[in-house]
Amino acid sequence: MAQPIELQPQAITVQELAAINSRQVPERYIREGVGDLDASFPVLDVPTIDLQLLASSSSTSGDEFDKLRSALSSYGCIQAINHGITSAFLDKLREVARQFFALPSEEKKKYSREIGSIEGYGNDMILSEHQILDWTDRLYLILRPEDKQTLKFWPENPESFRGILNDYSTKLHVILEVLLKAMARSLNLEENQFLQQYGDQATMQARFNFYPICPRPDQVLGVKPHADGSVITMLLQDKEVEGLQVLKDDQWFNVPIIPQALLINIGDQAEIMSNGIFKSPVHRVVTNSERERITLAVFCIPHPDQEIQPVEKLINETHPRLYKKVKDYVSLYFQYYQQGRRPMEAALI
């Protein structure tokens, strides 16, 4: 598939825009239908799943598998606890992210992404003159495999940034394996069914998100509504400031913060593998007129040459095959995403 052609990127970051004019928002960021943020959104009761139980073979594990299947079928996301990463480590990760975004603009721009590429610091790609922009700056880095890391985009300031992020990717890889095996077992499949499709050449990509204070949260989104193109996404939320919302039953719900938990959601490619049993949730990020917010999302994505398709054992007369075989789903994803469309449309039979 042809790579999307990027127009001239924004010369100024959102953080700089917010500093220059704290009362107005440029027209390119304003969108209809954000909703009245003064009206309180209901809170999504995201199921909490104990990853230690999923990894063990104890008699109580069965209930946790049932909970996992139910959560991923109904909500598409879980709050993962007992994941093996200490609260102190997660706080260090949050702190190096905060320190990076607090650096002077000139320092951060040493890591600026290049036109036509997502990796590095700055704004998302602009593919159309009519594209409504998101109120966020981000630092996008490939974590795994290590030989795919482009270190010129990895901050050297703060000094501990690289080491902490590499440690984090190692820890997440363990969690990912536990989760993919548990997802298969929850559907009464061989435990390696999803892991084999995910493949051993898969990538893990990090996106540090910075959402500056926004004077018009009623008209501007931090991230537009979308579902993820990954197999699994693991989100480290801001410890205090909410902003993530999930669409369920045609209504937006706030996702609460559990500081020591990882919010893990299914991506489109896991929905395809499960033949639609697990749901890839549509979500968005709202802005805040009083506080900035920092999060870290890590996307687990099969190699572009890896074929993704529904597991054969999940196809039968009562549950016919819903999706085609797909490859390089993420290329398709980015083109659809910036048009505000769901790439799953292209995967449906």
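Quick note: residue numbers are just sequence positions, from 1.
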E16 (side chain) donor-acceptor with T13 (main chain) under 3.5 angstrom: yes

Any donor-acceptor N or O pair under 3.5 Å, side chains Q201, D305: no

D134 bridged to R31 by N-O distance under 4.0 Å: yes

Residue from E242, R293, R94 passing side chain to side chain donor-acceptor pair (under 3.5 Å) with Q237: R293

Side chain Q149, main chain L143, donor-acceptor under 3.5 Å: yes

Exceeds 12 heavy-atom contacts within 6.0 angstrom, atom CD of Q260: yes

Atom pair CZ/CD1 of R321 and I315 - distance to nearest 0.5 Å: 5.0 Å

Working for side chain to side chain contact (heavy atoms under 4.5 Å, CB included), residues R284 and W252: CA-CA 9 Å; R284 69 179 188 177; W252 288 109; 3.6 Å; yes

Of Q309, Q269, E271, the residue whose pairing with Y323 passes side-chain contact (heavy atoms from CB on, under 4.5 Å): E271

Polar side-chain atom of T203 near backbone of Q205 as donor-acceptor pair, under 3.5 Å: no

Minimum-distance pair of heavy atoms, taken over all atoms of N123 and T136: ND2-O, 4.2 Å

Donor-acceptor contact below 3.5 Å, side chain K148 vs main chain M204: no

Shortest non-hydrogen contact from M344 toward Y329: N-OH, 3.3 Å

Option among I78, D50, I49 that satisfies the side-chain contact (heavy atoms from CB on, under 4.5 Å) test with K67: I49

K181 (side chain) donor-acceptor with L54 (main chain) under 3.5 angstrom: no

Mutual orientation of the aromatic rings belonging to Y121 and F100 [parallel < 30°, tilted 30-60°, perpendicular > 60°]: perpendicular

Within 6.0 angstrom of K92 NZ, more than 12 heavy atoms from elsewhere: no

Intermediate values then yes/no, side chain to side chain contact (heavy atoms under 4.5 Å, CB included), L172 and L262: CA-CA 10 Å; L172 289 189; L262 293 174; 3.9 Å; yes

Neighbour count above 12 (heavy atom, 6.0 Å) for E345 CD: yes

CD (E191) with more than 12 external heavy atoms under 6.0 Å: yes

Sidechain-backbone polar pair: W135 side chain, P212 backbone, donor-acceptor under 3.5 Å: yes

Any donor-acceptor N/O pair, T287 side chain to C214 backbone, under 3.5 Å: no

Distance, nearest 0.5 Å, that separates OG of S169 from CD1 of I164: 12.5 Å

Worked verdict on V96 versus L165 for side chain to side chain contact (heavy atoms under 4.5 Å, CB included): CA-CA 9 Å; V96 293; L165 191 54; over 6 Å; no

Side-chain donor or acceptor of E292 paired with backbone N/O of V241 under 3.5 Å: no

Linked, directly or transitively: F89 and M234 (ILVMFWY side chains, under 4.5 Å): yes

Cation-pi check, K248 onto Y75 ring (under 6.0 Å, within 45° of axis): yes

CA sep, side-chain torsions, deciding dist, call: L90, Y168, side chain to side chain contact (heavy atoms under 4.5 Å, CB included): CA-CA 9 Å; L90 294 178; Y168 188 54; 4.1 Å; yes

Backbone of I142 reached by a side-chain donor or acceptor of E119 within 3.5 Å: yes

Exercise: identify the closest heavy-atom pair between L322 and G276: CD1-CA, 4.2 Å

Separation of I294 CD1 from N209 CG (nearest 0.5 Å): 10.0 Å

K108 NZ to F210 CZ distance, which is reported to the nearest 0.5 Å: 7.5 Å

SG-CD1 distance between C300 and I264, expressed to the nearest 0.5 angstrom: 8.5 Å

Closest heavy-atom pair and its distance - I213, A18: O-CB, 3.9 Å

Nearest heavy atoms of L44 and V255, plus distance in Å: CD2-CG2, 4.5 Å

Exercise: identify the closest heavy-atom pair between I277 and R69: CG2-NH2, 4.4 Å

Within 6.0 angstrom of D147 CG, more than 12 heavy atoms from elsewhere: yes

Side-chain H-bond candidate by donor/acceptor type, Q99 with E95, under 3.5 Å: yes

Ring centres under 6.0 angstrom apart (F161, F208): yes

Y111 (side chain) donor-acceptor with E156 (main chain) under 3.5 angstrom: yes

